[in-house]
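Remember, it's 1-based here, ligands and their atoms both numbered in the order they're listed. In this text the structure is predicted, and so the values were computed from the model without any measurement.
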Amino acid sequence: MECIFCNIVEKKVKADMVLEREKFIAFRDIHPKAPVHLLAVPRKHIDSVDHLQGEDAGLMGELLLFAKEVAREQNLEGYKLQINVGRKGGQVIDHIHLHILGGNAEEI
Ligand code: AMP
Ligand code: ZN
């Protein structure tokens, strides 16, 4: 199955990259819903939160630390973190990702 975020991880598809680390990448959302809208994505393909295994607990903790690093690098004073789960939860891309939404509180 083709996965757009795996293709971005593998540099087969371009993205507006903001930070790359061993286990994660962060890039700008193409349809921003906040003044700053970034996606933090593990390089490992996991479909969704519903597909997490116990062995992924550490990775998800590291994802939060990565999001914090991204926010600091982007000089975000405050931000929201969001994970959509399943179609009915608003998930469109089946590769787990964390939305980082920054700007003024009333705009995010
Ligand atoms: P979700 O609805 O949680 O699955 O979020 C998927 C997000 O990925 C949406 O906000 C899209 O705008 C964004 N998106 C989809 N394709 C791309 C892409 N090629 N580059 C950057 N962002 C994308
Ligand atoms: Zn993937």
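Of all heavy-atom pairs spanning Asp29 and Lys33, the tightest one is OD1-NZ, 4.1 Å. Heavy atoms only, all atoms of each residue included: Gln91 and Arg87 are closest at O-NH1, 2.8 Å.
Only the side chain of His99 comes within 4.0 Å of ligand 1, counting heavy atoms alone; its backbone N, CA, C and O stay farther away. Neither the backbone nor the side chain of Val13 has any atom closer than 4.0 Å to an atom of ligand 1 (non-hydrogen atoms only).
When the shell of 6.0 Å around NZ of Lys44 is examined, it contains more than 12 heavy atoms from other residues, nucleotides or ligands.
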Which is it for His97 and His95 under the ring-ring contact (aromatic ring centres under 6.0 Å, His included) test, yes or no, and what are the steps along the way? CA-CA 6 Å; His97 54 280; His95 181 132; 7.8 Å; no
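Listed by atom number, the atoms of ligand 1 under 4.0 Å from Phe5 heavy atoms are 8 (O). Of all atoms in ligand 1, listed by their number and element, those nearer than 4.0 Å to a heavy atom of Val92 are 1 (P), 2 (O), 4 (O). Ligand 1 places these atoms under 4.0 Å from at least one heavy atom of Arg28: 21 (C). The distance from ligand 1 to the heavy atoms of His97 drops below 4.0 Å at these ligand atoms: 1 (P), 3 (O), 4 (O), 5 (O), 6 (C). Annotation for ligand 1: atoms under 4.0 Å from non-hydrogen atoms of Asn84 are 1 (P), 2 (O), 3 (O). For ligand 1, the atoms lying closer than 4.0 Å to a non-hydrogen atom of Leu39 are 8 (O), 13 (C), 22 (N).
No side-chain donor-acceptor contact under 3.5 Å links Lys23 to the backbone of Arg21.
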Atom pairs and distances, donor-acceptor, side-chain atoms in residues 76-85, under 3.5 Å, two or more places apart:
from: Lys80; atom 1: NZ; to: Ile108; atom 2: O; distance (Å): 3.2
from: Gln82; atom 1: NE2; to: Asn84; atom 2: OD1; distance (Å): 2.7

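The CD atom of Gln74 sits 11.0 Å away from atom CD of Glu69, with the distance rounded to the nearest 0.5 Å. Between Ile93 atom CD1 and Ile4 atom CD1 the span is 6.5 Å, to the nearest 0.5 Å. Remark: Ile8 CD1 to Cys3 SG distance equals 8.5 Å, nearest 0.5 Å. Distance CD1/Ile46 to CG/Leu52: 5.5 Å, rounded to 0.5 Å.
Below 3.5 Å of separation, one finds an N or O of Ile93 facing an N or O of ligand 1. Residue-to-ligand polar distances place Ile30 within reach of ligand 1: an N/O pair is separated by less than 3.5 Å. Considering backbone and side-chain N/O of Asp29, one or more are found under 3.5 Å from N/O of ligand 1.
The closest approach between a heavy atom of Gly90 and any atom of ligand 1 is below 4.0 Å. Contact analysis puts Lys33 in contact with ligand 1, with a non-hydrogen atom separation below 4.0 angstrom.
At a threshold of 4.5 Å between side-chain heavy atoms, the hydrophobic network of Ile, Leu, Val, Met, Phe, Trp and Tyr places Val41 and Leu65 in two separate groups. Phe5 and Phe24 are not part of a single hydrophobic cluster, where members link through side-chain heavy atoms under 4.5 Å apart.
Protein N/O/S atoms closer to the Zn ion (ligand 2) than 2.8 Å number 4 in this structure.
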